[in-house]
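One is the number of the first residue; the rest follow in order along the sequence.
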Amino acid sequence: SLGIAGALIVLILVLILTTVLTARSPDPALWPPAPGEPRIEIFVVSHGYHAGLVLPRETMAEAASQRGHVALGAMAQRFAGYRFVEIGWGDESFYRHVPNIASLTFGLAVRALFRPGNPSVVHVVGLPGYPREVFPRTDIIRVELSGGGFARMLDALEASFSKQGGSPPEPLGAGLYGPSLFYRGVDAFHVFNVCNHWV
């Protein structure tokens, strides 16, 4: 009905406005890379209502080992047969129960955005090839990071996984598409802390 459609439009506009108002400027010491500095290619992927980061799995594995990242090291091993790994973060109920836009309900959207303390999950997917080959209809932005920028990003990704002591995180269950799994996340999801801010 028009009432539900109108409410969804208002929610989307609020989300866009919040994203714009809380956007952060880049750190010039980390991005863009200085001329002649080695670059690491990553991708920002938008699936319409979820955004994620796609990283070269082997490069992630090497850096995770050097930096002592337990969760990312475990992801690199679990998805060892894949060239790239996509990692996303979001509200547990919304992310796990809304596989596509057709599954979106007004109640789920309102609860995810405005209820305090929503638990989060991390979604990890193994990709066999370049993101544009795997997701031909998806909005994708290619980003070149410096070594320092890539390391800082990995630190933040590692901190997104909930871990018990020094143990690698255990999967919560199957992910949304392809070879994917959900893991318990850190931080609460709400209108001022959505997947776009996380990315």
Quickly, which of Y183, F161, W89, Y177 forms a ring pair (Phe, Tyr, Trp, His ring centres under 6.0 Å) with H123? Name it, please.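 Result: among Y183, F161, W89, Y177, Y177 is the only option passing the ring pair (Phe, Tyr, Trp, His ring centres under 6.0 Å) with H123.
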Closest heavy-atom contact between [X] and [Y]?
{"X": "V125", "Y": "S180", "value": "CG2-CB, 3.6 Å"}
{"X": "I42", "Y": "P56", "value": "CG2-CD, 4.4 Å"}
{"X": "V122", "Y": "G185", "value": "CG2-CA, 4.0 Å"}
{"X": "P131", "Y": "V54", "value": "CG-CG1, 3.6 Å"}
{"X": "L72", "Y": "M60", "value": "O-CE, 3.7 Å"}
{"X": "P169", "Y": "S162", "value": "CB-O, 3.6 Å"}

State which residues pass side-chain contact (heavy atoms from CB on, under 4.5 Å) with [X]; sequence neighbours excluded, sorted by chain then number.
{"X": "V134", "answer": "L127, P128"}
{"X": "A74", "answer": "P168"}
{"X": "R83", "answer": "Y130"}
{"X": "P179", "answer": "Y82"}

Is there a side-chain contact between L181 and R78 in this structure, where contact means two heavy atoms from C-beta onward sitting under 4.5 Å apart? yes
Parallel, tilted or perpendicular for F84 and F43, by the 30°/60° rule? perpendicular
Test of understanding: with side chain to side chain donor-acceptor pair (under 3.5 Å), list the residues that count as partners of R132, not counting sequence neighbours. none
E144: side chain to side chain donor-acceptor pair (under 3.5 Å) partners, not counting sequence neighbours: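 Listed in chain order: R39, R142.
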Quick one: pull up CZ in F182 and CG in L172 and give me the separation to the nearest 0.5 Å.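 One finds 9.0 Å between CZ of F182 and CG of L172.
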Out of L157, V143, V45, V85, which residue meets the side-chain contact (heavy atoms from CB on, under 4.5 Å) rule with L53? L157
Not counting sequence neighbours, which residues clear ring-ring contact (aromatic ring centres under 6.0 Å, His included) with H69? List them please.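 Checked H69 against ring-ring contact (aromatic ring centres under 6.0 Å, His included); zero matches.
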If the condition is ring-ring contact (aromatic ring centres under 6.0 Å, His included), which residues does F79 pass it with, not counting sequence neighbours? none
E37: what forms a salt bridge (Lys or Arg N to Asp or Glu O under 4.0 Å) with it, not counting sequence neighbours?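 Salt bridge (Lys or Arg N to Asp or Glu O under 4.0 Å) check on E37 returns nothing, list empty.
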Contacts of D155 that satisfy salt bridge (Lys or Arg N to Asp or Glu O under 4.0 Å) - sequence neighbours left out: R67
Within residues 158-167 or reaching into it, pairs that qualify as salt bridge (Lys or Arg N to Asp or Glu O under 4.0 Å) - sequence neighbours excluded: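 Qualifying pairs, neighbours excluded: E158-K163.
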Pairs in or reaching into residues 50-64: which pass salt bridge (Lys or Arg N to Asp or Glu O under 4.0 Å), with residues at least two apart or in two chains? none
Test side chain to side chain contact (heavy atoms under 4.5 Å, CB included) applied to L55 and M153, step by step: CA-CA 10 Å; L55 319 176; M153 182 192 64; 3.3 Å; yes
